[in-house]
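Below, chains carry the letters A, B, ... as their sequence lines are ordered, and counting in each starts from 1. Computation of the quantities below employed the complete heavy-atom set of this structure, encompassing side-chain atoms and omitting hydrogens, waters and symmetry-equivalent molecules.
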Amino acid sequence: MIPRSSHPDFLPRRERAKLGWRGLCAPARTRENFSGFPSGFILIRPEERKRSMASQGVTPRSEDYSRWYTEVVQKADLADYAPVRGCMIIKPYGYELWENIRAELDKRFKATGHRNAYFPLFIPMSFLQKEAEHVEGFAPELAVVTHGGGQKLEEPLVVRPTSETVIGHAFAQWIQSYRDLPLLINQWANVVRWELRTRLFLRTLEFLWQEGHTAHATWEEAQEETLRMLDVYADFAINEAAIPVIRGRKSDQEKFAGAEASYTIEAMMGNKWALQSGTSHNLGQNFAKAFEIRYLDPNNELQYCYTTSWGLSTRIIGAIIMTHGDDRGLRLPPRLAPIQVVIVPIFKNEEEKSAVMKAARRIHETLLSVGVRTHLDDREGMTPGFKFNDWELRGVPGRMEIGPRDVEKKSVVLARRDVPGKEGKQTAAQDRIIPAVTRLLTDIQRSMLRQATAFRDANIHEASDYEELKKAVADGWALIWHCGTAECEARIKEDTKATSRCFPLDLNKEGPGDATCAVCGKPAQGKAYFARAY
RNA sequence: CGGGGCGUGGCGCAGUUGGACAGCGCGCUGCGUUUGGGACGCAGAGGUCGCCGGUUCGAGUCCGGCCGCCCCGACCA
């Protein structure tokens, strides 16, 4: 049996009502006219017509970045606002994207020896307080449960903002000997952080993520793990999400509360702001000491473990949207896209319809059978042109058009999301559809990474003094020699709103030598990026 | 959390200085004609005007409080 669609429940008609499409007529207020045209004939100036066209999709990215982002998230059906401030409903299309992200990461975690487990949502308040820096860092954004079953709790429970503490508690019990090490655990979970200012996917009160927690016998092993997982994130971001991230170390000011050192994959968004897209921490013995995570070494001596933690969240969806999106909406990298190819059938009458649909179904089935995530858009009462725009807004990387002419010539038209208009269209033979589609998708994936990399590189500027730094961060990222002190970073932030993003690992393989900070002149810790960040 | 703007059918909006039946476009439902880049006609359905309270003979309209959204400033994946 031929499946009707790879997404049987995709886009129920009711949902479509929420998209807010408009026809070609002018908004109500422009209806007044004294042109002498018969009533009902509306005079629309070209610029108004253009605006009207745009309003059917999303506000162009170039016009209002922030509004564009919010509209894309909602109109592409990724997520919606929830009844509680700062919370979001992740809709099926958005969740399918997350599932694909999760699958790719999980595969990599397993391949590096980690096992999944699940730890509780509620954490005793006292646990958080065991690590001084940790509690200080998280205290302002904790959600605390004080009542349960109608009774006031003896000890308040914290809704986990992260799980170092409960997992530390468990690790202390699980680990006895050096033979139990390394202990490599991951959990997929939701966490809660009471943020003041929220944005869909980028910063919500509750979000989904993955947090890895490991324990090791030595600092070196912990450090190796920290960097290994940073590399896993970078590999995922670059090769799956087509986001050219930069691996780097966070300055002391920006590091995780309770970590000895934090590492980040840092990405540049379409408005040239930076987004921390994943982090990996070497926790040293801080949590081991707080939770008594100890082991007997081969000499029968009790030692504290060294632990790490690393996390990547649904924020990465925000990164994908903002790295790749354009004026027309979302653009998804083929490797993560819930729908990789959408088939749009075209016909004029019943006769053509049956021939076209027959071919479309056959191709649909062929592509599904080789694992291409394909959707056949057999919705009625919508013109092909409407569907083209609809799927472009949703970011589907490849589109196949099949009409009577194609049926006759045993061909199809393939259009690619990364190249707009006619230029992105090509014809492919129906009997060569599998190689044609796979090649197209690989090519789109590669091209998206190339475009994003070129954009990033064009907007990073080296700066050798404060004036150059100010100029650089006004329109991109600055790369400077940096002392890493709190005073210096505070001053830069005060003046420019830019914050220290990281000391990139690739550019800091050699020490700073006698280089000095571009801002204060003190000895440099290394080369660092500064940028406005989310 | 501070400053500015905004909440009226699913979406975008109009609604003068309080006054009759709360309107328009899109979308939605049905039928017919359409369909290679956002189609059209006809007939329908759909609204406690964000919520709570107050002023008034009468509140979408005035006052107070709360909630939410957008933009801008201090913290964060």
Side-chain angles (χ1 to χ4, degrees), chain A residues 13-32 42 52-57 59 64-67 69-71 74-75 81-87 137-141 161-162 191 193-205 207-211 233 253-254 256-257 262 264-265 275-281 310-319 328 344-349 352-353 356 380-393 399 401-406 412-413 415 420-422 425 490 493-494 497 499 533-534:
Chain A
R13 293 185 79 79
R14 288 224 62 79
E15 287 294 299
R16 306 198 41 75
K18 295 177 182 164
L19 292 176
W21 298 119
R22 285 203 240 161
L24 271 175
C25 52
R29 70 178 164 298
T30 65
R31 272 190 306 136
E32 239 179 282
I42 298 158
S52 172
M53 291 292 287
S55 72
Q56 291 178 65
T59 299
D64 185 338
Y65 196 82
S66 157
R67 170 172 296 234
Y69 177 81
T70 311
E71 288 183 8
Q74 290 175 92
K75 290 188 172 177
Y81 289 102
V84 176
R85 179 194 74 89
C87 293
F138 280 103
E141 49 191 79
T162 178
V191 283
R193 297 180 187 179
W194 217 262
E195 302 288 350
L196 297 179
R197 245 183 108 170
T198 59
R199 259 163 147 326
L200 293 171
F201 288 118
L202 295 178
R203 187 172 302 108
T204 44
L205 297 198
F207 56 92
L208 304 182
W209 77 346
Q210 142 287 310
E211 47 179 324
Y233 287 157
Q253 287 65 241
E254 298 279 331
F256 177 75
S262 287
T264 174
I265 49 169
L275 182 76
Q276 178 176 310
S277 307
T279 47
S280 187
H281 316 287
W310 25 277
L312 188 145
S313 74
T314 39
R315 174 182 251 199
I316 196 78
I317 292 175
R328 305 173 72 81
V344 179
I346 299 159
F347 46 79
K348 284 193 185 58
N349 49 48
E352 287 181 358
K353 179 179 175 182
V356 165
E380 294 186 12
M382 285 171 194
T383 62
F386 182 95
K387 291 179 178 177
F388 296 168
N389 288 284
D390 192 24
W391 293 110
E392 279 167 7
L393 168 54
R399 182 180 72 235
E401 307 170 12
I402 309 178
R405 296 207 290 276
D406 300 297
V412 297
V413 172
K422 276 220 161 65
K425 289 195 185 188
K493 187 171 185 180
E494 175 72 32
K497 293 174 187 165
T499 52
Y534 279 102

What interatomic distance, in whole Å, is found between [atom1] of [M] and the corresponding atom of [N]?
| N | M | atom1 | answer |
| --- | --- | --- | --- |
| B:C40 | B:G27 | P | 8 Å |
| B:G9 | B:G25 | C1' | 13 Å |
| B:C11 | B:G46 | C1' | 14 Å |
| B:G3 | B:C13 | C1' | 27 Å |
| B:C66 | B:G4 | P | 15 Å |
| B:G18 | B:U55 | C1' | 11 Å |

Next on the checklist: Under 3.5 Å for both donor-acceptor distances, Watson-Crick or wobble: does B:C42 have a partner, and if so which one?
Outcome noted: B:G30
Checklist entry - For B:C76, which nucleotide is its Watson-Crick or G-U wobble mate, given both distances must be under 3.5 Å? => result none
Any N/O donor-acceptor pair, [X] side-chain to [N] base, under 3.5 Å:
| X | N | answer |
| --- | --- | --- |
| A:Ser313 | B:A77 | yes |
| A:Glu352 | B:G36 | no |
| A:Arg328 | B:G38 | no |
| A:Lys425 | B:G37 | yes |
| A:Asp390 | B:G38 | no |

Next on the checklist: Quick test of the criterion, 5.5 Å between centres and less than 30° between planes. Is A:Phe386 stacked on B:A39 or not?
Outcome noted: no
Item to check | Lys NZ or Arg CZ of A:Arg399 over A:Phe388 ring: under 6.0 Å, within 45° | outcome: yes
Roughly, in whole Å, what's the span from [atom1] in [X] to [atom2] in [N]?
| X | N | atom1 | atom2 | result |
| --- | --- | --- | --- | --- |
| A:Gln276 | B:A77 | CD | P | 5 Å |
| A:Trp194 | B:C76 | CH2 | C1' | 15 Å |
| A:Tyr69 | B:C69 | OH | C1' | 16 Å |
| A:Lys353 | B:U34 | NZ | C1' | 13 Å |
| A:Leu196 | B:C76 | CG | C1' | 10 Å |
| A:Leu393 | B:G37 | CG | P | 19 Å |
| A:Lys75 | B:G27 | NZ | P | 13 Å |
| A:Phe207 | B:C76 | CZ | C1' | 9 Å |

Where the side chain of [X] is concerned, which of [options] is the nearest nucleotide?
| X | options | value |
| --- | --- | --- |
| A:Tyr81 | B:C1, B:A77, B:C70 | B:C70 |
| A:Thr70 | B:C1, B:A77, B:C70 | B:C70 |
| A:Arg85 | B:G36, B:G68, B:A39 | B:G68 |
| A:Glu195 | B:G36, B:A77, B:G73 | B:A77 |
| A:Glu141 | B:C76, B:A77, B:A74 | B:C76 |

Flag, side chain of [X] to backbone of [Y], donor-acceptor distance under 3.5 Å:
| X | Y | value |
| --- | --- | --- |
| A:Gln210 | A:Trp310 | yes |
| A:Tyr534 | A:Arg199 | no |
| A:Thr59 | A:Arg67 | no |
| A:Asn389 | A:Phe386 | no |

Checklist entry - Are OP1 or OP2 of B:G73 and a side-chain N or O of A:Lys497 less than 4.0 angstrom apart? => result yes
Checklist entry - Just to confirm, is there a sub-4.0 Å distance from OP1 or OP2 of B:C72 to any side-chain nitrogen or oxygen of A:Arg197? => result yes
Checklist entry - Does A:Glu195 pair with A:Arg85 as a salt bridge, N-O distance under 4.0 Å? => result no
